[in-house]
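Order of the sequence lines sets the chain letters (A, B, ...), proteins ahead of strands, with each chain counted from 1. Given the structure is predicted, the values throughout are model-derived calculations rather than measurements.
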Amino acid sequence: MTERLRVATWNVNSLTARMPRVEEWLSTVRPDVLCLQETKQADAAFPYGAFEALGYEAAHHGDGRWNGVAIVSKVGLDGVVSGFGTELDAEGTRLIAATCGGVRVHSVYVPNGRSLDSEHFTAKLAWLAGLRDLLADRHQPSDPLVVCGDFNVAPDDRDVWDPTQFEGMTHVSPPERAALGALLDWGLVDVFRSCYGDGGLFSWWDYRGGSFHQGRGMRIDLVLATRPLADGVTFALVDRNARKGEKPSDHAPVLADLAID
DNA sequence: ATGGTTGCGAAGCAA
């Protein structure tokens, strides 16, 4: 019989500021695994106890001020590995991996890149290439594996509110889309996209100018899964309700139900 | 309106 693993990913834009919203959401939705990005916390400040009180184990990799990633799980959390163990770690605390319910889970916060002519953009491409190499070195496409997070790349033009507004900008440029494509070519599937063909389904909206209510967003938060998990996906959703109300993150959580044996 | 908002941290940077 096939079971499911409900995974979610959420860039919370400071877990310190967002913890009330995260606790409310987690206690309501109860995903098996939640990947967090931009906790902006040091490991010592991470609220392990609050997650434990909700029935979740957690692992965090943070530098205290920027970045910061975590995996929160109620189906086990083993074999935690933080960062790359290479010079890519100079880009900040942006990667953590753990095994949850038999699935190798990665929570990633890909560097923003800032602008196409920036050294930070070069670093973004290198980071994505390094992630692809890490997966290829440690795993097989036949392994049950997911990479969840804020990729800071909109996979194609359906994933931005107006492609003409993004010409010459990051998040949509051919080099970074190719770097994301290299991950997919290794053996990962964008499971939200496999459920929905429409454009206009976003996960991030700028705080400025009422972008959320104007529908001006991007889909940059992705759940990428290997075929054994992705072929059996039964459900995926952007929880737009989490972008509403008091003190929301500028990102909404993305959920997916993956098939596991 | 060379803007707008949020977070961190205490001014300006990053997103």
Quiz item: Would you call A:Arg193-A:Asp159 a salt bridge at under 4.0 Å N-O?
Solution: yes
Self-check item: B:dG3 versus B:dC13 - spacing of their P atoms, nearest Å
Solution: 13 Å
Practice problem: Before accepting this row, confirm whether a basic side-chain N of the pair A:Asp78/A:Arg104 lies closer than 4.0 Å to the acidic partner's carboxylate O. | Solution: no
Quiz item: Could you give the CH2-to-C1' distance, from A:Trp205 to B:dT6, as a whole number of Å?
Solution: 16 Å
Quiz item: Once you round it to whole Å, what is the distance between C1' of B:dG7 and CZ of A:Arg208?
Solution: 13 Å
Practice problem: Run the salt-bridge test on A:Glu57 and A:Lys74 with the 4.0 Å N-O cut-off and return the result as yes or no. | Solution: no
Quiz item: Taking the P atom of each, how far is B:dA14 from B:dG9, in whole Å?
Solution: 14 Å
Self-check item: Gap between atoms CG and P, on A:Asp250 and B:dC8 respectively (whole Å)
Solution: 12 Å
Exercise. Using atom CZ of A:Arg216 as one end and atom P of B:dG4 as the other, report the distance to the nearest whole Å.
Key: 16 Å
Quiz item: From the list B:dT5, B:dA11, B:dG7, which nucleotide is the closest neighbour of the side chain of A:Lys247?
Solution: B:dG7
Quiz item: Would A:Arg177 and A:Asp157 pass as an ion pair if we require N to O under 4.0 Å?
Solution: yes
Exercise. Could you pick out which residue, A:Asn112 or A:Pro248, lies toward the 5' side of DNA chain B when each is mapped onto its nearest nucleotide?
Key: A:Pro248
Quiz item: When the distance from CD of A:Glu38 to C1' of B:dA14 is rounded to whole Å, what number comes out?
Solution: 9 Å
Self-check item: Rounded distance (Å) that lies between atom P of B:dT6 and atom CH2 of A:Trp204
Solution: 13 Å
Quiz item: Are OP1 or OP2 of B:dG7 and a side-chain N or O of A:Arg18 less than 4.0 angstrom apart?
Solution: yes
Self-check item: Residue A:Tyr207, side-chain heavy atoms: nucleotide from B:dA11, B:dA15, B:dT5 that is nearest
Solution: B:dT5
Quiz prompt | Rounded distance (Å) that lies between atom P of B:dG7 and atom CG of A:Asn67 | solution = 17 Å
Exercise. Using a strict 4.0 Å threshold on nitrogen-to-oxygen distance, state whether A:Asp32 and A:Arg6 make a salt bridge.
Key: no
Quiz prompt | Same-atom distance (C1') from B:dT2 to B:dG7, integer angstrom | solution = 23 Å
Practice problem: Write down the distance between CE (A:Met19) and P (B:dC8), rounded to a whole number of angstrom. | Solution: 14 Å
Quiz item: How do A:Asp206 and A:Asp150 order along DNA chain B: which one's closest nucleotide is nearer the 5' end?
Solution: A:Asp206
Exercise. Could you give the distance separating B:dA15 and B:dG4 at their C1' atoms, to the nearest angstrom?
Key: 13 Å
Quiz prompt | Same-atom distance (C1') from B:dT6 to B:dA11, integer angstrom | solution = 16 Å
